[in-house]
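FYI, the numbering just counts along the sequence from 1.
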Amino acid sequence: MRVGIDELRLYPSTLALSLADLCVARDKHPEETIAHLLVKERTVLPPWEDSVTLAVNAAAPLVDDEERDRIELLIVGTETPVDLEKPISSWVHRHLGLSSRCRNFDVQHACYSVTSAVQLALAWLSSPAGRGKKALVVGSDASLLGLDEPWEFILGAGGVALLLSEEPRFVAIDPGASGVYACEVTDVIRPSRRIETGSSEESLFAYLEAVGGAHDAWVEKHGPWSGFAGCVYHSPFPGITFRAHQTMLRQTDADLSRADAWDDFERRVLPGLCHHRRTGAVYGSSTFASLLGMVDARPELGPGDALSVFAFGSGSCAELYRVELGPEVRAMAAAASASVLIDAREAIDVATYESLERERAASVDQADYRPSRLDGHFARAWEGRGRLFLREVEGWVRSYAWS
């Protein structure tokens with residue numbers, strides 16, 4: 001049985017901050033910083049957007065009346081909850097009008113969350129319970145307040161939505177073709193809904209150790225890691241993916257030069273970062289944003305081409321797996337219009353960005369909160385667009401509406 005992703009959407013919200021502007025404000029050299037991190041812009045959320053709206057707005061284009069009746073599994077992968085008891089999936093289920101027969105829940109494993117959700121959904125689709133049905137997997141995350149922190153330059157937000165089926169038009173995924181590596185580590189932590197912190201050095205070490213471990217697990221099960229037209233990596237920031245790819249290549253050729261590794265990286269990895277370089281960190285959605293970017297940026301890829309995908313989540317768990325591009329991969333990528341949505345974001349200055357981030361952080365501890373409307377941005381980019389937004393919080397109860 002072939003199972004996999006039928007359709008894929010990336011939702012980058014509606015505001016953007018130039019990394020060059022942020023570098024100037026923080027007395028950093030823009031060219032050097034951008035070249036090192038491979039990030040050009042980051043998404044900034046308007047006050048009325050949160051992980052619930054990111055999830056719903058990513059998934060809404062995939063759910064029409066025909067699909068709604070076939071979706072009987074909804075899983076949301078996130079590390080940005082808005083409630084420590086109620087899952088984001090319950091709001092997604094409601095606002096997408098999914099059937100009462102559709103089971104739904106959230107999964108959490110840092111940036112591995114969406115991949116773990118996909119693996120669960122694929123197993124369900126392959127079982128008698130999922131036969132003839134579809135599953136919806138959504139990733140939704142936003143960075144927490146990081147003003148003036150060393151990691152401020154790689155923060156961001158975004159959502160992805162994946163419709164999975166037995167007849168995947170975008171990519172097929174073989175659930176058995178993978179290598180898994182898990183090892184408990186404390187690198188990045190969120191001890192509360194307001195704090196994101198940890199050790200950057202420990203995080204880098206854990207990530208690269210997991211690359212090597214997942215590669216070894218792959219080789220043990222499937223033989224040499226080879227024959228891939230493109231390679232997709234989880235990227236807490238795009239610049240780290242070169243280190244990851246170099247590590248993979250040197251597993252089979254320890255004497256490979258840095259120049260040769262970079263040449264291979266430019267051909268098989270860098271094109272796929274085109275969207276991620278403009279959104280900043282999208283956490284569990286990262287690999288799928290880059291999977292879509294790979295197809296968008298490399299028109300020579302087509303049905304039957306195989307890609308290597310590496311997913312990683314702090315904590316930690318990693319997985320290296322294989323996907324095969326489906327029969328309608330070009331049409332599905334065009335329908336996603338990822339570049340159109342990213343280009344449509346409204347640019348803001350550093351002062352506005354700082355104000356929005358402080359408001360968003362402060363709202364976490366407020367029993368009553370009504371988002372500000374940001375100098376007409378709601379009227380320009382939201383009114384009449386059919387997007388879900390946070391209307392208010394009253395007595396801790398969140399209320400959402402469609403624009």
Side-chain angles (χ1 to χ4, degrees), residues 1-11 50-109 112-141 159-176 284-285 288 326 328 332 335-336 386-391 397-403:
M1 177 185 295
R2 287 175 63 86
V3 289
I5 303 171
D6 199 38
E7 295 188 69
L8 171 62
R9 290 292 190 278
L10 168 65
Y11 175 68
D50 61 14
S51 51
V52 172
T53 65
L54 285 171
V56 173
N57 291 329
L62 302 182
V63 183
D64 57 22
D65 289 340
E66 180 180 354
E67 300 292 8
R68 189 175 286 110
D69 291 338
R70 295 183 63 187
I71 297 171
E72 292 194 4
L73 177 64
L74 164 65
I75 311 175
V76 175
T78 187
E79 59 188 273
T80 316
V82 296
D83 188 298
L84 297 182
E85 186 275 336
K86 183 177 179 179
I88 291 172
S89 65
S90 62
W91 279 292
V92 177
H93 180 274
R94 172 188 174 182
H95 291 292
L96 293 181
L98 298 180
S99 165
S100 60
R101 300 185 303 276
C102 177
R103 59 170 56 88
N104 70 87
F105 53 91
D106 288 1
V107 297
Q108 178 191 344
H109 196 313
Y112 181 67
S113 63
V114 184
T115 295
S116 68
V118 167
Q119 293 294 356
L120 286 171
L122 293 176
W124 177 80
L125 285 168
S126 301
S127 74
R131 201 65 47 79
K133 305 300 182 182
K134 291 194 175 184
L136 180 62
V137 170
V138 185
S140 175
D141 274 305
V160 295
L162 302 86
L163 194 63
L164 297 106
S165 77
E166 300 170 317
E167 301 173 351
R169 293 174 292 174
F170 187 71
V171 298
I173 304 174
D174 180 353
S285 301
F288 300 99
E328 298 181 43
M332 295 300 98
R387 292 179 172 135
L388 192 73
F389 68 96
L390 175 65
R391 183 167 53 194
V397 177
R398 307 179 81 83
S399 174
Y400 295 92
W402 292 96
S403 65

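Inter-residue side-chain proximity for L73 and F105 is flagged as met; some heavy-atom pair is nearer than 4.5 Å. With a 4.5 Å cut-off on side-chain heavy atoms, L98 and V63 count as touching. Between L54 and T78 the shortest side-chain heavy-atom distance does not fall below 4.5 Å. Residues P175 and V3 meet the side-chain proximity criterion, which asks for heavy atoms closer than 4.5 Å.
A distance of 9.5 Å separates CD1 of I75 from OG of S89, quoted to the nearest 0.5 Å. Taking CG of L162 as the start and CD1 of I173 as the end, the distance is 8.0 Å to the nearest 0.5 Å. Here the straight-line distance linking atom OG of S99 with atom CG of L74 works out to 12.0 Å at 0.5 Å rounding. Atom CG of residue D69 and atom SG of residue C102 lie 11.5 Å apart, to the nearest 0.5 angstrom. Taking CD from E72 and CG from N104, the interatomic distance works out to 12.5 Å, rounded to the nearest 0.5 Å. From Y400, atom OH reaches atom CZ of R391 across 11.5 Å, with rounding to the nearest 0.5 Å.
Distance alone, capped at 3.5 Å, is enough to place a donor-acceptor pair between the D106 side chain and the I88 backbone. Side-chain N or O atoms of S51 include one that pairs as donor or acceptor with a backbone N or O of T80 at under 3.5 Å. Checking side-chain atoms of H95 against main-chain N and O of S90 turns up no donor-acceptor pair under 3.5 Å. Without hydrogens or angle criteria, D50 side chain to T53 main chain gives a donor-acceptor distance under 3.5 Å.
With L163 as the partner, the side-chain contact (heavy atoms from CB on, under 4.5 Å) test is satisfied by one option alone out of M332, R9, R70, E7: E7. With E166 as the partner, the salt bridge (charged side-chain N to carboxylate O under 4.0 Å, His left out) test is satisfied by one option alone out of K134, R2, K133, R131: R131. Partner of F288 under the side-chain contact (heavy atoms from CB on, under 4.5 Å) criterion, out of V171, L10, I5: I5 alone.
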> Step by step, would you call V52 with L390 a side chain to side chain contact (heavy atoms under 4.5 Å, CB included)?
Replying inline: CA-CA 9 Å; V52 172; L390 175 65; over 6 Å; no
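Taking both residues in full, the closest heavy atoms of A161 and A59 are given as CB-CA, 3.5 Å, listed atom of the first, atom of the second, then distance. Nearest heavy-atom pair across V160 and S285 is CG2-OG, 3.3 Å.
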Identify every side-chain donor-acceptor pair in residues 113-122 under 3.5 Å, counting partners at least two apart or on other chains, and give the distances.
unit_1	atom_1	unit_2	atom_2	d
S113	OG	A110	O	3.2
S116	OG	S113	O	2.6
Q119	NE2	E319	OE2	2.9

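The 12-atom threshold is exceeded at CD of E328, counting heavy atoms of other residues, nucleotides or ligands nearer than 6.0 Å.
At a threshold of 4.0 Å, the pair R398-D83 does not count as salt-bridged, since none of the basic side-chain nitrogens sits closer than that to a carboxylate oxygen.
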